Amino acid sequence: MKKFASLALTTLVAVAPTLVLAQSSQEIRNRKINQQDRIAQGVRSGELTPRETSHLEHQEAAINHEERAMRAQNNGHLTAADRRVINKQQNAESKRIYRDKHNARVR
């Protein structure tokens with residue numbers, strides 16, 4: 001029984017960092033999807049002008065490009081610092097989406 005508990009604990013300790021990294025990558029991916037959906041909804045409803053939409057899409061593309069560059073530097077993985085940078089950029093983009101959708105300009 002002690003061997004099984006020891007093996008289970010060792011496995012958990014070895015797998016836990018991988019689960020955290022996978023969760024972080026999934027969180028980034030989910031935010032990208034959510035923000036794209038918010039932009040699309042703004043276009044459909046007329047809350048976003050073509051110029052606002054273009055600007056938001058370019059910002060999203062820049063974040064995606066930077067993420068790919070970060071992953072390329074680390075064999076396809078993001079470091080904790082990389083994830084913080086991307087999260088900060090996604091937060092700023094989310095605020096831009098909100099601001100553009102709630103201003104007085106309409107299509």
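The structure displayed is predicted, hence computed values, not measured ones. FYI, side chains are in, hydrogens and waters are out, and symmetry mates aren't considered; it's all heavy atoms of this structure. Sequence positions, counted from 1, serve as the residue numbers for this chain.
Minimum heavy-atom separation, Ile39 to Thr53: CG2-CG2, 4.2 Å. Residues Ile28 and Gln90 approach most closely at O-NE2, 3.4 Å, considering heavy atoms.
Arg31 and Ser94 are not linked by any side-chain donor-acceptor pair at a separation below 3.5 angstrom, with hydrogens and angles left out of the test.
By the side-chain contact (heavy atoms from CB on, under 4.5 Å) test, Gln59 is found to be paired with His55, Glu93, Arg96, residues two or more places apart in sequence or in another chain being considered. Under the ring-ring contact (aromatic ring centres under 6.0 Å, His included) criterion, His58 pairs with no residue, sequence neighbours left out. Remark: Asn30 pairs with Gln26 by the side chain to side chain donor-acceptor pair (under 3.5 Å) rule, at least two apart or across chains. Scanning for side chain to side chain donor-acceptor pair (under 3.5 Å) contacts around Arg68 gives an empty result, with sequence neighbours left out. Partners of Asn64 under the side chain to side chain donor-acceptor pair (under 3.5 Å) rule, at least two apart in sequence or in another chain, do not exist in this structure. For Asp82, the side chain to side chain donor-acceptor pair (under 3.5 Å) test picks out Asn74, Thr79, with sequence neighbours left out. By the salt bridge (Lys or Arg N to Asp or Glu O under 4.0 Å) test, Arg84 is found to be paired with no residue, residues two or more places apart in sequence or in another chain being considered.
The structure places CD of Gln73 at 10.5 Å from CG of Leu78, a figure rounded to the nearest 0.5 Å. From Thr49, atom OG1 reaches atom CG of Asp100 across 7.5 Å, with rounding to the nearest 0.5 Å. Atoms CD1 and CD, on Ile33 and Gln35 in that order, are 11.0 Å from each other to the nearest 0.5 Å.
Using a 4.5 Å heavy-atom cutoff, the side chains of Gln89 and Val85 are in contact.
Within the structure, salt bridge (Lys or Arg N to Asp or Glu O under 4.0 Å) contacts touching residues 69-79 (residues at least two apart or in different chains) are Glu67-Arg71. Residue pairs that meet the salt bridge (Lys or Arg N to Asp or Glu O under 4.0 Å) test with at least one member in residues 44-58, sequence neighbours left out, are Glu47-Lys101, Glu52-Arg105.
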